[in-house]
Amino acid sequence: MEVNTSVLSNADGSAELTMNGTKCLVSVSGPIEPKVRQELPTQASLEIIVRPSSGLSTTREKLLEDKLRSLLQSLIIRYKYPRQLIQIVIQFLVVDEQPEYTCNELNAAINGCYFALIDADMALYSSFASTSVCINSGNLIYDPTGDIIATSDSHHVICFSIEEGKVGKLLLLESAGEFTESQLFDLIAKSATTVEVLHKQQREAIETKIKKDYIWRGE
């Protein structure tokens with residue numbers, strides 16, 4: 001994972017993330033004034049925009065938007081921003097999977113949103129992190145490339161909340177392909193450790209950002 005934050009000067013928060021050959025740029029604007037049809041009286045409304053690496057947006061990107069909205073609505077403390085709008089834009093720059101798959105893109109978008117929300121100082125109920133995994137001939141393959149996804153029996157994206165450095169709730173599970181119930185439960189259990197390791201990398205990246213943003217003076 002490679003990440004750079006505060007890469008856009010005209011956004012409240014932004015992050016450029018590269019994972020598994022997929023690169024995306026995420027911007028967060030808000031809280032800002034919404035349009036009348038978007039305004040909610042007791043909490044912030046959430047607008048998610050996904051843009052493909054090439055061409056125009058299709059129903060594929062709309063599906064990604066719906067999945068991200070469902071996830072982020074449960075993570076952002078929206079009642080702190082009543083009658084406001086939080087806009088999140090995900091622009092994919094490089095994609096390492098065939099158009100019929102969204103595994104790596106969804107995974108990169110989720111983790112990119114985390115860094116951009118932190119950069120925007122957005123209030124969150126908890127930290128979160130996701131990982132992608134394939135089942136190939138009964139074996140679990142984490143962080144698969146696009147070629148591996150295309151030849152696997154199934155592929156999955158799993159997102160957990162993180163509380164005090166440990167995995168908390170299962171927030172999202174997107175699965176496609178052929179797999180058994182026991183394989184799925186085994187995958188979820190083993191993915192918890194992978195996500196905890198990823199969260200340590202997230203913390204290191206955030207600590208690096210803080211050191212760059214502030215000048216520390218010794219006593």
Side-chain angles (χ1 to χ4, degrees), residues 3-17 24-52 57-92 102 105-131 157-174 195 198-199 202-203 205-210 212-214:
V3 62
N4 292 308
T5 56
S6 302
V7 293
L8 298 176
S9 59
N10 58 345
D12 294 297
S14 59
E16 185 181 68
L17 178 75
C24 65
L25 180 63
V26 182
S27 68
V28 175
S29 299
I32 57 179
E33 185 176 351
K35 297 178 181 178
V36 175
R37 61 181 175 82
Q38 295 174 309
E39 185 177 301
L40 298 174
T42 60
Q43 60 185 354
S45 54
L46 185 61
E47 183 180 25
I48 309 292
I49 301 171
V50 175
R51 294 172 178 162
S57 296
T58 64
T59 53
R60 183 177 183 274
E61 282 68 43
K62 294 301 179 183
L63 180 61
L64 283 171
E65 290 174 6
D66 289 342
K67 292 176 181 178
L68 289 168
R69 185 181 299 104
S70 177
L71 172 67
L72 297 176
Q73 280 180 341
S74 65
L75 286 164
I76 299 172
I77 307 178
R78 294 190 294 149
Y79 71 82
K80 287 196 171 187
Y81 315 105
R83 299 181 180 274
Q84 299 294 304
L85 171 70
I86 299 169
Q87 185 186 71
I88 301 175
V89 180
I90 300 98
Q91 171 69 64
F92 288 104
T102 59
E105 286 171 84
L106 178 59
N107 183 47
I110 292 171
N111 290 298
C113 284
Y114 173 76
F115 285 109
L117 288 167
I118 293 294
D119 191 49
D121 292 327
M122 198 64 61
L124 302 174
Y125 285 106
S126 68
S127 296
F128 60 95
S130 72
T131 186
V157 177
I158 304 174
C159 179
F160 289 97
S161 65
I162 306 292
E163 300 169 7
E164 297 182 357
K166 299 294 183 182
V167 159
K169 297 178 182 178
L170 177 62
L171 300 174
L172 177 140
L173 174 59
E174 287 291 328
V195 169
L198 176 61
H199 179 62
Q202 288 179 332
R203 289 182 64 89
I206 292 170
E207 287 173 1
T208 301
K209 165 187 162 50
I210 292 173
K212 289 181 179 179
D213 286 351
Y214 296 95

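Quantities reported herein were computed from a predicted structural model and do not represent experimental measurements.
- Of the inter-residue distances, the one linking L171 atom CG with S70 atom OG reads 10.0 Å to the nearest 0.5 angstrom.
- When all heavy atoms of S126 and E163 are compared, the closest pair comes out as CB-CG, 4.5 Å.
- With rounding to the nearest 0.5 angstrom, the CD atom of E61 is 7.0 Å from the CD atom of E105.
- Atom CG of residue L46 and atom CD1 of residue I86 lie 6.5 Å apart, to the nearest 0.5 angstrom.
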Evaluation steps, side chain to side chain contact (heavy atoms under 4.5 Å, CB included), between L124 and I76: CA-CA 5 Å; L124 302 174; I76 299 172; 3.9 Å; yes

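- To the nearest 0.5 angstrom, I118 atom CD1 is 9.5 Å from K209 atom NZ.
- Counting heavy-atom neighbours within 6.0 Å of R69 CZ, excluding the residue itself, gives a total above 12.
- Checking side-chain atoms of S45 against main-chain N and O of Q38 turns up a donor-acceptor pair under 3.5 Å.
- Within the 3.5 Å criterion, the main-chain N or O of V50 finds a donor-acceptor partner in the side chain of S57.
- Across all non-hydrogen atoms, the minimal contact from C113 to L72 is SG-CD1, 4.1 Å.
- Side chain of Q43 to backbone of Y81: no donor-acceptor contact under 3.5 angstrom is found.
- Within a 6.0 Å sphere centred on CZ of R51, heavy atoms belonging to other residues, nucleotides or ligands number 12 at most.
- At least one side-chain heavy atom of C24 sits less than 4.5 Å from a side-chain heavy atom of F92.
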Worked check of side chain to side chain contact (heavy atoms under 4.5 Å, CB included) between Y114 and I206: CA-CA 11 Å; Y114 173 76; I206 292 170; 3.7 Å; yes

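- E33 and L85 make their closest contact through C-CB, 4.5 Å (heavy atoms, listed as atom of the first residue, atom of the second, distance).
- Of the charged side-chain nitrogens involved, none lies within less than 4.0 Å of a carboxylate oxygen, so that E47 and K35 do not count as a salt-bridged pair.
- We find the CD-CD1 distance between Q87 and I49 to be 4.5 Å, quoted to the nearest 0.5 Å.
- The heavy-atom pair separating C159 from I110 by the smallest distance is SG-CG2, 4.0 Å.
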Check against side chain to side chain contact (heavy atoms under 4.5 Å, CB included), L106 and L68: CA-CA 8 Å; L106 178 59; L68 289 168; 4.1 Å; yes

Audit row: T102, K67, side chain to side chain contact (heavy atoms under 4.5 Å, CB included) steps and yes/no: CA-CA 11 Å; T102 59; K67 292 176 181 178; 4.2 Å; yes

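- Ring geometry, Y125 versus Y79: the interplanar angle falls from 30° to 60°, so the pair is classed tilted.
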Check residues 3-11 and write down every donor-acceptor pair under 3.5 Å in which the side-chain atom is one partner and the other belongs to a residue at least two apart or another chain.
from: S6; atom 1: OG; to: D119; atom 2: OD1; distance (Å): 2.7
from: S6; atom 1: OG; to: D119; atom 2: OD2; distance (Å): 3.2

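- From T131, atom OG1 reaches atom CD1 of I158 across 7.5 Å, with rounding to the nearest 0.5 Å.
- Closest of all the heavy-atom pairs between N107 and N111 is O-ND2, 3.0 Å.
- R83 approaches P34 most closely through the heavy-atom pair O-CD, 3.3 Å.
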